[in-house]
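Take a look at the structure set out below.
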Protein chains: 2
Amino acid sequence: MTERKKEILELARSLFREKGYTSTSIRDIAAAAQVEPASLYSHFKGKEELLDAICFDMADRFLLAIKEVNDIYFDAVQRLAMAVKNHIGILTSYPDAAMVFQHDWRFLNDERKADFIALRDQYEEGIRDIIRGGIDEGSFNEVDVKFSTLTILSSLNWVVEWYREDGRLSPDEIAENLTKFILIGLKKELPPSYDIVTD
Amino acid sequence: MTERKKEILELARSLFREKGYTSTSIRDIAAAAQVEPASLYSHFKGKEELLDAICFDMADRFLLAIKEVNDIYFDAVQRLAMAVKNHIGILTSYPDAAMVFQHDWRFLNDERKADFIALRDQYEEGIRDIIRGGIDEGSFNEVDVKFSTLTILSSLNWVVEWYREDGRLSPDEIAENLTKFILIGLKKELPPSYDIVTD
DNA sequence: GGTCATCTAACGAACATTCGTTAGGCAAAG
DNA sequence: CTTTGCCTAACGAATGTTCGTTAGATGACC
């Protein structure tokens, strides 16, 4: 991959994020690159190659991250915390790509879309593994594994919609808060001694 | 609103959901309505009026629902449960519109987009109110209100991505599971007597 | 050290197609 | 007799892409 190709890809990422894939024209990208539209075809076969590269780069990052976690950490709580941290780390390190990854993958052609979904399923299976592990260990409630995985991933993924680099919370703080939320929930459990102490 | 207009709107909802707003052409909609493209302009000013109607209809439904909840229910746990149930109820009753509502609102023109965001903020404020109430009552942990609201809403909204009418879980079951998840979390709290009993 | 082939990156022009939209007419229904 | 719903025809603009070509750089071979 040429340096120039990387530059163009980066511009595409930014434009796709801002306006969406279908609403971004080759001419938009060319203008951003200060080049004639036709010149882009010296670097890419076509518009979809850009989307493809962005989506699958991200998919690879996520898959690598979950494999790492599931290879190393034993305890389910620990594994979940690490998975959350990695997930948020990727989202916040590549905010443009993450947005495109989540919104525009469906504009891939049918074949590549199927590939993409397969990779996404693989990732989800990694999360399900963690939850199953936690239940088997006895450290998690006996929840619906499939449902919980979807719910967890949704709360993680939405971060990309509101995260700003100059925001109030750092990526690690976001990950910590999410982990707490997922593990403990909202409801306050009064300490066992509560009644006695305050009486 | 004419009956025919409603029909066309329904077709648009379905197509927008399937292919996205920008990738759906007036000609696609006309074909679905078995009518020439130009004929649609007897019913609508233009393509954006369709998107506009879909998005703001949904916004109205959500706002009405949260107002109901916050007018009637006292207890924060009860209010949150009802808000979740209503939210999931809307998403699952209008799955096409819900998908468009979540994905394509950003293709509204700048003015309407601002209006839309204002309504969304209003809804979020309703959820924040519930959480603040729960903290004040002492029934919720002292969480970051803004962050928690976003996280809760994200886990609710993602349902639209995977919900199928013929799926395993009914809307009410989904809502119950989500409420449990939000309130209690994953981690099993061992009963206070656990150590003693098993020793 | 000169020349020859190859590669990168870009150009301007044109391509066929699709886009949202408008104008004007026509037939049926109230 | 006016309104409604649809028609045919066409508009100008934008779409992704292909074409043949060129300037400049790089490195190998004689």
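- Summarising the geometry, the separation between CG on A/Leu51 and P on D/dG16 is reported as 13 Å, rounded to the nearest angstrom.
- At the phosphate of C/dT8, neither OP1 nor OP2 sits under 4.0 Å from any side-chain N or O atom of A/His43.
- Of the possible donor and acceptor atoms, one in the side chain of B/Asp104 sits under 3.5 Å from a partner among the backbone N and O of B/Tyr21.
- Between the CD1 atom of A/Ile29 and the P atom of D/dG16 there is a distance of 8 Å, rounded to whole Å.
- To the nearest angstrom, C1' of C/dT22 lies 13 Å from CD1 of B/Ile26.
- Here B/Ser25 reaches the OP1 or OP2 of C/dC19: one of its side-chain N or O atoms lies under 4.0 Å away.
- With hydrogens and angles ignored, a donor-acceptor pair closer than 3.5 Å exists between the side chain of A/Arg27 and the base of D/dG16.
- Scanning atom types as modelled, one donor and one acceptor separated by under 3.5 angstrom connect the side chain of A/Ser42 and the base of C/dA10.
- Residue A/Phe101 forms a ring-ring contact (aromatic ring centres under 6.0 Å, His included) with just one option from A/Phe107, A/Phe62, A/Tyr94, and that option is A/Phe62.
- By the neighbour-count criterion of 12 heavy atoms within 6.0 Å, atom NZ of B/Lys85 is sparsely surrounded, having that number or fewer from other residues, nucleotides or ligands.
- At whole-Å resolution of the value, CG in B/Asp28 and P in C/dC19 are 6 Å apart.
- Residue B/Glu36 is in base contact, counting any heavy-atom pair closer than 4.0 Å across all strands shown.
- Remark: C1' of D/dC6 and CD1 of B/Ile8 are 11 Å apart, rounded to the nearest angstrom.
- Rounded to whole angstrom, the span from the NZ atom of A/Lys5 across to the P atom of C/dC7 amounts to 16 Å.
- The interatomic distance linking A/Lys47 (NZ) with D/dG16 (P) rounds to 4 Å, in whole Å.
- The shortest distance between the side-chain N/O atoms of B/Thr2 and the OP1/OP2 oxygens of D/dT4 is not below 4.0 Å.
- Across all strands, B/Thr24 comes closer than 4.0 Å only to sugar-phosphate atoms, never to a base (heavy-atom distances).
- Nearest to the side chain of B/Pro37, among C/dC11, C/dT21, D/dC6, sits C/dT21.
- Neither side chain, B/Glu68 nor B/Asn86, offers a donor N or O lying under 3.5 Å from an acceptor on the other.
- With rounding to whole Å, B/Tyr41 atom OH is found 15 Å from D/dC7 atom P.
- Under the 3.5 Å distance criterion, with hydrogens and angles disregarded, no donor-acceptor pair is assigned to the side chains of B/His43 and B/Glu49.
- A sub-4.0 Å separation between OP1 or OP2 of C/dA9 and a side-chain N or O of A/Ser39 is absent.
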